[in-house]
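A quick write-up on the structure given underneath.
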Amino acid sequence: MHGLIGSIIIGCLAGFCAGKLMKGGGFGFLMNLLLGLFGGALGGWIFEALGITWGGLLGQLGTAIIGAVIILYVAATLKK
């Protein structure tokens, strides 16, 4: 699943999963999906900087979920 559409789908799925993992740290369904898109980019950047690579669809999803959780955590902290 490559390309822009695949990245959008993975980002949205990551935002949904991150919202469920944060338990109260989310911002609602649509905002979590949007933050998931940015989380995918952040997770990819962090993992690349650390030299960590995950292959395949599950690796992309895991990277995006970790990035989305980080973004949701920061956003929840700033919201307070």
Side-chain angles (χ1 to χ4, degrees):
M1 195 180 291
H2 296 283
L4 182 62
I5 301 296
S7 295
I8 290 171
I9 292 170
I10 288 174
C12 288
L13 186 57
F16 174 76
C17 292
K20 294 296 181 188
L21 289 172
M22 292 299 291
K23 294 182 184 176
F27 291 90
F29 183 72
L30 291 177
M31 191 62 172
N32 285 351
L33 295 182
L34 184 63
L35 290 174
L37 293 173
F38 292 111
L42 175 68
W45 179 78
I46 290 172
F47 278 27
E48 183 179 325
L50 295 174
I52 300 170
T53 57
W54 290 7
L57 180 63
L58 290 178
Q60 290 175 344
L61 183 59
T63 300
I65 290 172
I66 290 170
V69 165
I70 291 169
I71 286 182
L72 284 174
Y73 175 78
V74 170
T77 301
L78 293 175
K79 182 180 172 184
K80 291 182 181 181

Do other residues, nucleotides or ligands put more than 12 heavy atoms under 6.0 Å from Phe47 CZ? yes
How long is the gap from CG on Leu30 to CZ on Phe16, to the nearest 0.5 Å? 12.5 Å
Hey, is CG on Leu50 packed in by over 12 heavy atoms from elsewhere, all under 6.0 Å? yes
Would Leu58 end up clustered with Ile66 when hydrophobic side chains under 4.5 Å apart are linked, directly or stepwise? no
Which heavy atom of Ile10 sits nearest to which heavy atom of Ala64, and what is that distance? CG2-CB, 4.0 Å
Kindly indicate whether the side chain of Ile70, heavy atoms from C-beta on, has any atom under 4.5 Å from the side chain of Ile46. yes
I need the minimum non-hydrogen distance between Ala18 and Ile65, along with the two atoms involved. CB-O, 4.3 Å
To the nearest 0.5 Å, atom CD1 of Ile71 lies from atom CG of Leu37 at 9.5 Å
Rounded to the nearest 0.5 Å, the OG1 atom of Thr63 sits from the CD atom of Glu48 at a distance of 11.0 Å
Atom pair SG (Cys17) and CG (Leu13), whose distance is rounded to the nearest 0.5 Å: 4.5 Å
